[in-house]
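So the structure is just underneath, and the comments pick up after that.
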Amino acid sequence: MKINADTGRCVGAGMCALTAPAVFDQSDDDGTVVVLDPEPPEALRAAAEQAVRLCPSGALSITE
């Protein structure tokens, strides 16, 4: 699993960081998504997938 983030599309809602804080954070500069772990362990899969689903701008995706 690989996390992909389109920072140009991100609106800084922060749902990803709230849902999966071990995988996502927000930039101090503009609040956009920062991927802390682009290839998180399987144990974080459910949280990462939920964060992708909850992203209001669709800036996040997962590839296998």
Side-chain angles (χ1 to χ4, degrees):
M1 168 175 68
K2 180 169 168 109
I3 305 290
N4 306 293
D6 181 347
T7 56
R9 193 170 180 178
C10 177
V11 296
M15 293 305 298
C16 55
L18 291 171
T19 305
V23 180
F24 303 102
D25 198 357
Q26 288 182 273
S27 167
D28 290 334
D29 294 330
D30 59 6
T32 57
V33 63
V34 173
V35 180
L36 299 174
D37 190 352
E39 295 185 27
E42 192 64 28
L44 296 176
R45 177 182 284 275
E49 288 176 342
Q50 183 176 10
V52 169
R53 283 191 304 273
L54 292 175
C55 179
S57 64
L60 302 174
S61 63
I62 295 175
T63 54
E64 296 301 326

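Side chains are part of it too, since the values below use all heavy atoms of this structure and drop only hydrogens, waters and symmetry mates.
Among all heavy-atom pairs drawn from Ala48 and Ala20, the shortest one is N-CB, 4.2 Å. Here the closest non-hydrogen pair linking Gln26 and Ala17 is CG-CB, 4.4 Å. Cys16 and Val33 get closest at one heavy-atom pair: SG-CG2, 3.7 Å. Smallest separation of non-hydrogen atoms from Ile62 and Met1: CG2-CG, 3.4 Å. The shortest non-hydrogen separation linking Thr7 to Thr32 is O-CG2, 4.0 Å.
Between Arg53 atom CZ and Met15 atom CE the span is 11.5 Å, to the nearest 0.5 Å. In this structure, CD in Glu49 is found 11.0 Å from CG in Leu44, a value given to the nearest 0.5 Å.
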Determine all donor-acceptor pairs shorter than 3.5 Å in which one atom belongs to a side chain in residues 36-43; sequence neighbours excluded.
from: Asp37; atom 1: OD1; to: Glu39; atom 2: N; distance (Å): 3.3
from: Glu42; atom 1: OE1; to: Arg45; atom 2: NE; distance (Å): 3.3
from: Glu42; atom 1: OE2; to: Arg45; atom 2: NE; distance (Å): 2.7

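No more than 12 heavy atoms of other residues, nucleotides or ligands shown are found within 6.0 angstrom of CG on Asp28.
In this structure Ser61 satisfies the side-chain contact (heavy atoms from CB on, under 4.5 Å) test together with Asn4, sequence neighbours excluded.
Side-chain atoms of Ser57 come within 3.5 Å of backbone N or O of Arg9 as a donor-acceptor pair.
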Starting from the C-alpha separation in whole Å, work towards a yes-or-no answer on side-chain contact (heavy atoms from CB on, under 4.5 Å) for Phe24 and Val35.
-> CA-CA 5 Å; Phe24 303 102; Val35 180; 4.2 Å; yes
